[in-house]
Structures are given as C-alpha cells and as structure tokens.
Amino acid sequence: MAKWGEGDPRWIVEERADATNVNNWHWTERDATNWSSDKLKELLLGVRVESDEGSCEVTEVSKLEGEASINNRKGKLIFFYEWSIKAKWKGTSKNGVKYKGHIEVPNLSDENDMEDLDISVTLSKDEPETPLVAVMKKEGASKVRAALGSYVGYLKTEFTQGMILPTANGVSKQQQPSQSKAKVDKTQISSGSSAPPPNTGVKIPTCKFSLRETFLTSPEELYRVFVTQELVQAFSHAAAVVEAEKGGKFRMLDGNVSGEFLELVSEQKIIMKWRYNTWPSEHYATVTLNFSDRGNETELQLECKGVPVSEEERTKQGWQRYYFEAIKQTFGYGARLY
C-alpha cells in the first residue's frame, strides 16, 4: 500500500490499490507525461525578449526528457514531475547581426522551488561575443522561469480537471477523524479546539493591517487562484467550498477559515468577509485584495480590517504562510518578499 509521510508533498506507491475506487477513496493516478511535453514546448516557444541591444526568442526545444503524473488520494492531489530541458535561442542585434545560443534547465522538479531552478544560457560554439547573452541571462532566464512556472500551474489546474469527484456538498468526500484517534491538523492554522467560542455579547477590540506581495504571474491567473474551488484545494491541500459570486460562501483549510464574497471585480479586486473558526461567533474581518499588473509580475495588496487585537499576528502569519507562500510553492509564482 501507499506510504504517506506527514507533511510530505510526495508519496511512494509500493503496490497498486484495489481496482474498486468509489469516489476516489483510495487513489487514482493519471500520466501527464505526453501532455506535459506538449505544454512545455508550447510555453517555451512563446518566450521572446526585446531590449535596447536587440531581440531574442526561443526557437526550438531540442531536448525534453522526464515524466509527470498526478495521484488523487482520498480527494487530495499529489503531483510528481521531473524534467531535463534543452532549448535553442536566436538573437538579432540592433545592427541586424544574427546570433545563436542554447538554454539548459536540468532540474525542473516537484522537489525544487521555482526560484532554485538552474537556468544556463550560452552562445553557440564559434559565435562572437554579444551583449545579447547578458540580456538572455537576465530577462530571458526570467521569462523561461515564468514559462516553467506557468507549466506547473497548468499541470495543477487544466490537466487535473475531473480528478476530484464531486459529492453532494460540492467537494470530495474527506476522511473523518475516528473516536479513538483525533485528527491532527497538519496546517496548525488553528490552535486548540476547532469549535468556535460562544458569542459572549461583549464588543471586542479590533485592529487592521496591510500586506503586500509580488507574484510571477498575471493578475488574471492570480485572481483565478482565489476564486476557483479546484485551485483553492490545490494550494491549501484540503477540501474547500468556493462559490465565486457576490454573496457566495467559501470554506477552506478543514473548516478553519470561512466567509463570504462581498465584491468580485475580475482580475482587479476581491472583497470578502473572512474569519477563523476560533474567533467569537459571527465575528468577521473585512479583507480586500487588490491585484496590480507590474509587467511580468502581479502585486497583491491586502488590507484586513476588524481583526481581533489578540489575533493580529496569527492572522498576518496565516495569510503569509497558508495563502501567499502556499500559492507560490504550488503554482510556481515565487518572487521577492516585501
């Protein structure tokens, strides 16, 4: 049977599960190798760079070795991919001189963060030196990294459609804790009991805070991550309910976070009522997310109002760890932190 390491994003299959797999209860596996090969070529051949020194573009993917697969275990998706990539690029200087070179990425893998990718850019043998090499090593490598990050995002969204079977409440059936052994919340986002404390009727002191983060993706793609149920389940590694409309409800992180969408402006803004389940009953903060296009990046500005004063630091850390960092690691949108 499968061995599952606590907190480990990968799992090892020692023998195949029983063919009986109602509601994906045991596990299913889908081979993503051929699809990944086509998608990687499509994304890399779209890489182009324009600068004062001239223009460059990826013209051929000369080597693409590896594999990819997705496993669905009890409604949770586990991703495996490992690729070694070589590509060719051509450049034209501002004076019209043509150049050729190579790009190599030896370690595109689920075990490596996107920021840790080795991207080597070189000139072809016997080519004269040109400033275009520096352009490709900086802007070109950044665009290659973004393209590979997009591949990871598509793998976890486009290719996985239908892998999580719906049940009556709109999400995959999740295993319930037994009476003898309480379930351990791996996210540790909630301390103590998950049951909300009673409403005492006492007005609690609140505060507000702001956060800012940059993601290597477009506002359109980042916005989708917050309003698409399958994508929320992917980065939170747990079942979720997401009704992406005004007045629509959401519930995620094993029920520790819930709320309601107040306003949705596609690719620009999300306003929601948001709460931890341990907050006083019916107490919500108001969270506003603004998405700003910064060229190859998206700046996300968060404003959170009405947070219980005693919960300020925990709420900040929760957004940074279980939203921002989780989204970057899951979809390859890693960028500098503010």
Side-chain angles (χ1 to χ4, degrees), residues 3 5 7-13 29-49 56-71 77-91 100-125 133-160 214-217 221 225 234-235 237 296-297 324-337:
K3 290 184 177 178
D8 190 344
R10 298 178 60 187
W11 62 306
I12 302 170
V13 177
E29 180 177 322
R30 182 181 292 182
D31 186 356
T33 301
N34 290 336
W35 177 91
S36 294
S37 179
D38 292 340
K39 180 62 70 173
L40 284 165
K41 289 177 182 177
E42 172 191 334
L43 292 169
L44 288 170
L45 292 175
V47 171
R48 307 175 68 90
V49 179
C56 303
E57 63 178 326
V58 176
T59 57
E60 179 185 342
V61 178
S62 53
K63 174 188 172 184
L64 192 55
E65 295 180 351
E67 59 182 326
S69 63
I70 302 172
N71 294 287
L77 299 181
I78 301 97
F79 299 87
F80 169 79
Y81 54 92
E82 190 168 16
W83 295 96
S84 176
I85 304 168
K86 290 183 179 180
K88 296 180 181 180
W89 63 272
K90 290 183 179 179
K100 295 185 295 183
H102 302 277
I103 299 170
E104 184 172 0
V105 184
N107 63 334
L108 177 61
S109 167
D110 58 288
E111 293 186 329
N112 298 322
D113 290 337
M114 203 56 59
E115 297 94 328
D116 297 330
L117 280 185
D118 296 324
I119 301 177
S120 172
V121 176
T122 58
L123 269 175
S124 295
K125 188 177 180 180
V133 175
V135 172
M136 281 300 292
K137 285 184 175 181
K138 186 176 180 181
E139 287 86 352
S142 177
K143 289 198 171 186
V144 168
R145 194 182 306 275
L148 298 178
S150 295
Y151 155 71
V152 175
Y154 284 123
L155 176 67
K156 296 181 178 182
T157 57
E158 180 180 297
F159 187 78
T160 58
T214 303
F215 297 80
L216 288 174
T217 188
E221 290 298 321
V225 167
F235 78 74
H237 305 292
N296 294 328
E297 303 174 337
F324 299 163
E325 292 178 18
I327 288 170
K328 289 182 179 184
Q329 291 173 2
T330 300
F331 304 112
Y333 297 160
R336 61 186 179 275
L337 299 175

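Because only heavy atoms are used, hydrogens play no part in the values below, and waters and symmetry mates are left out as well, while side chains stay in.
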If I compare all heavy atoms of [X] with all of [Y], which pair ends up nearest, and what's the gap?
X: A68; Y: Y81; result: CB-CB, 3.8 Å
X: A87; Y: S62; result: N-OG, 3.9 Å
X: D110; Y: F80; result: OD1-CD1, 3.6 Å
X: S37; Y: L64; result: OG-CD2, 3.3 Å
X: V47; Y: A147; result: CG2-CB, 4.1 Å
X: T330; Y: F235; result: OG1-CA, 3.5 Å

Step-by-step side-chain contact (heavy atoms from CB on, under 4.5 Å) determination, F331 to E221: CA-CA 10 Å; F331 304 112; E221 290 298 321; over 6 Å; no

Nearest 0.5 angstrom please: [X] [atom1] to [Y] [atom2], how far?
X: N112; Y: L117; atom1: CG; atom2: CG; result: 6.5 Å
X: K100; Y: H102; atom1: NZ; atom2: NE2; result: 8.0 Å
X: S124; Y: W89; atom1: OG; atom2: CH2; result: 8.0 Å
X: I70; Y: L155; atom1: CD1; atom2: CG; result: 4.5 Å
X: E67; Y: E82; atom1: CD; atom2: CD; result: 7.0 Å

Spell out, as yes or no, whether a donor-acceptor pair under 3.5 Å connects the side chain of [X] to the backbone of [Y].
X: N296; Y: T217; answer: no
X: S150; Y: A146; answer: yes
X: N71; Y: F79; answer: no
X: S120; Y: E104; answer: no

Basic-acidic side-chain contact under 4.0 Å: E325, K328: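 Result for this pair is no, no salt bridge flagged.
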
Derivation and outcome, side-chain contact (heavy atoms from CB on, under 4.5 Å), residues V49 and K143: CA-CA 8 Å; V49 179; K143 289 198 171 186; 4.1 Å; yes

Atom CG of N34 with >12 non-hydrogen neighbours under 6.0 angstrom: no

Y151 and S36: side chain donor to acceptor below 3.5 Å: yes

Exercise: do D31 and T33 side chains pair donor with acceptor under 3.5 Å: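 Yes - a donor-acceptor pair under 3.5 Å links their side chains.
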
Results of salt bridge (charged side-chain N to carboxylate O under 4.0 Å, His left out) for E139 - residues two or more places apart only: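 E139 satisfies salt bridge (charged side-chain N to carboxylate O under 4.0 Å, His left out) with no residue once adjacent residues are dropped.
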
Contacts of K88 that satisfy salt bridge (charged side-chain N to carboxylate O under 4.0 Å, His left out) - sequence neighbours left out: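 Applying salt bridge (charged side-chain N to carboxylate O under 4.0 Å, His left out) to K88 gives E60.
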
For S84, all residues meeting side chain to side chain contact (heavy atoms under 4.5 Å, CB included), sequence neighbours excluded: K63

pair Y333-I327: side-chain heavy atoms closer than 4.5 Å: yes

Stepwise side-chain contact (heavy atoms from CB on, under 4.5 Å) check, L148 with L44: CA-CA 8 Å; L148 298 178; L44 288 170; 4.1 Å; yes

Trace of the side-chain contact (heavy atoms from CB on, under 4.5 Å) decision for V121 with V144: CA-CA 11 Å; V121 176; V144 168; over 6 Å; no

